[in-house]
Amino acid sequence: MEENFRDSIGTITEEGKRAWVFPKKPSGRFYDYRKYVSYALLAFLVAAPFIKINGHQFLMFNVVERRFNIFGLPFWPQDFHLVVVSMIIGVVFIALFTVAYGRIFCGWMCPQTIFLEMVFRRIEYWIDGDRGAQMRLDKSPWNGKKIRKRVLKWTIFFIISFLIANVFLAYLIGSDRLIQYITEGPTAHLGTMVPLLIFTAVFYFIFAWFREQVCIIACPYGRLQGVLLDDKSIVVAYDHKRGEGENGRKKFRKNEDRDALGHGDCIDCFQCVNVCPTGIDIRNGTQLECVNCTACIDECDHIMDSINKPKGLIRYASEDEILNKNKFKFTARMKGYTAVLAVLIGILIGMLFLRNEVEANILRLPGQLYERKENNIISNVYTYKLVNKTTKDIENVSFKLMSHRGTIKMVSQDTFKVPAEELTEGTLFVEINASELTGDKDKLKIAVYSGDEVIETTTTQFLGPRSYN
Ligand code: SF4
Ligand code: SF4
């Protein structure tokens, strides 16, 4: 088979220019299923920042204030290890999925594919028509009809990009704040409006112009395919044994006995190429551009129906299945990834259960040693930080020394409140009689109380003079 298609990507001409793809409008059972999946995912994507669980936004990624909510659970910078473990799990899960099922994520779940194929492209079909009409319009001079269609399309694209940017912002700053900003008006929040318009411009650029280039050039996941896929991975594949037969593919001719002539079932109609949103010919084999969108499966199934051949010349299959008729197998690599995934999920669940709702940190003030006071009292100064991860205020908070006899003196009031989902910080002194110390660096255990109830314990260091070693 000619391999020169691998020397360049399908959307760049020999002169190095962009070859614009005008994919035919897909139709068929997979396209219908993908539509339903995309409706559900789009609804989830838009609704998730507006859903609240116990007062917490369902999903929020406030990078600026370093506050994250995942499935209604608030994560603070102190929980960052959990976010890291969750991300590693995500990567292993996607890797496992890719090894087994190829780029199924790209075709069915990736927001880029869903927005491009199920939102923007469908508006384009509605305004500009199908592939042929789009190509004619593209070549036609700028007349009234073309200007009208272009202005309408670009305006709708801009409005949708603006809406997507707003949803994106709801994930970043929180939906409550977004609604507040909208009701107060954009001029009151120019500092947010400007980034919002920048996001809008980025989304507009991606969906109106850059399009499939994201998957081909920019997306690192697409690039990983080369190392993740093997001949047992299930991908959208052309059954070259069946399609080519003994003597290759050939155009369809009525009343010709193709089997007797040794020709395969592919009638070289190029419909699978015309429908492809990344402009490739799947008959050349698995390629980096293929996002496994299944459009070519549907299109070829229509063709096979029309010539009374069984469907599935292009289908979900592994190379091993096509060559040797071997069915899907759970390979050693998949078992390895599954084991790693199970261990990581176990660790994450353990960490989630061990996670405190209140987090206390008491640290000695940097650069300060100790102070000797009357009656052999040694004093150290500390800063404390208390994080309340709950949605309720914690009242009457105080500290008590557990490991030593001594006193804790607060710089401000003795008891205080830590408001819901807030961090409270301040300064305190610990005073201990030198005779109580066991060395020049004692480890202190301090309990945090709310009223009479211990809500957290923490440790810190206490410095004393060397002579008491
Ligand atoms: S749609 Fe099917 S029959 Fe037509 S060229 Fe593609 S693989 Fe061959
Ligand atoms: S080759 Fe088929 S599955 Fe792959 S991107 Fe093109 S149409 Fe979609």
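Whatever order the structure lists ligands and atoms in, that order sets their numbers, starting from 1.
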Distance from atom 5 (S) of ligand 2 to nearest protein heavy atom, with residue and atom
V291 N, 3.5 Å
Strictly by modelled atom types, are Q213 and T11 linked by a side-chain donor-acceptor pair under 3.5 Å?
yes
Atoms of ligand 2, numbered as shown, that sit under 4.0 Å from any heavy atom of P277:
7 (S)
Run the numbers for me: atoms of ligand 2, each under 4.0 Å from some heavy atom of N292, listed by number.
3 (S), 4 (Fe)
Give me the protein N, O or S atoms that fall under 2.8 Å of atom 6 (Fe) of ligand 1, sorted by chain and residue number.
C272 SG
Going by the rule ring pair (Phe, Tyr, Trp, His ring centres under 6.0 Å), which residues pair with Y171 if we only count those two or more places apart in sequence or in a different chain?
none
Could you list which atoms of ligand 1 come closer than 4.0 Å to a heavy atom of M304?
3 (S)
Assess whether atom CH2 of W126 is packed by more than 12 heavy atoms of other residues, nucleotides or ligands within 6.0 Å.
no
Carboxylate-amine/guanidinium proximity below 4.0 Å for E117 and R34:
no
At what distance is the nearest protein heavy atom to atom 6 (Fe) of ligand 2, and which residue and atom is it?
C276 SG, 2.3 Å
With distance as the sole test, does D32 use its side chain to make a donor-acceptor pair with the main-chain N or O of K35 at under 3.5 Å?
no
Only one of Q180, R177, E184 forms a side chain to side chain donor-acceptor pair (under 3.5 Å) with H189, so which one is it?
E184
Short N-O contact, K25 and D130, less than 4.0 angstrom
no
Is it true that atom NZ of K52 has more than 12 heavy atoms of other residues, nucleotides or ligands lying nearer than 6.0 Å?
yes
Ignoring hydrogens and geometry, is there a side-chain-to-backbone donor-acceptor pair from N69 to Q57 under 3.5 Å?
yes
More than 12 heavy atoms of other groups within 6.0 Å of N143 CG
yes
Indicate, as side chain, backbone, both or neither, the part of T294 found under 4.0 angstrom from ligand 2 when only non-hydrogen atoms are considered.
backbone
Where is the nearest protein heavy atom to atom 3 (S) of ligand 2: which residue, which atom, and how far?
C293 N, 3.2 Å
What protein heavy atom is closest to atom 4 (Fe) of ligand 2, reported as residue, atom name and distance in Å?
C290 SG, 2.3 Å
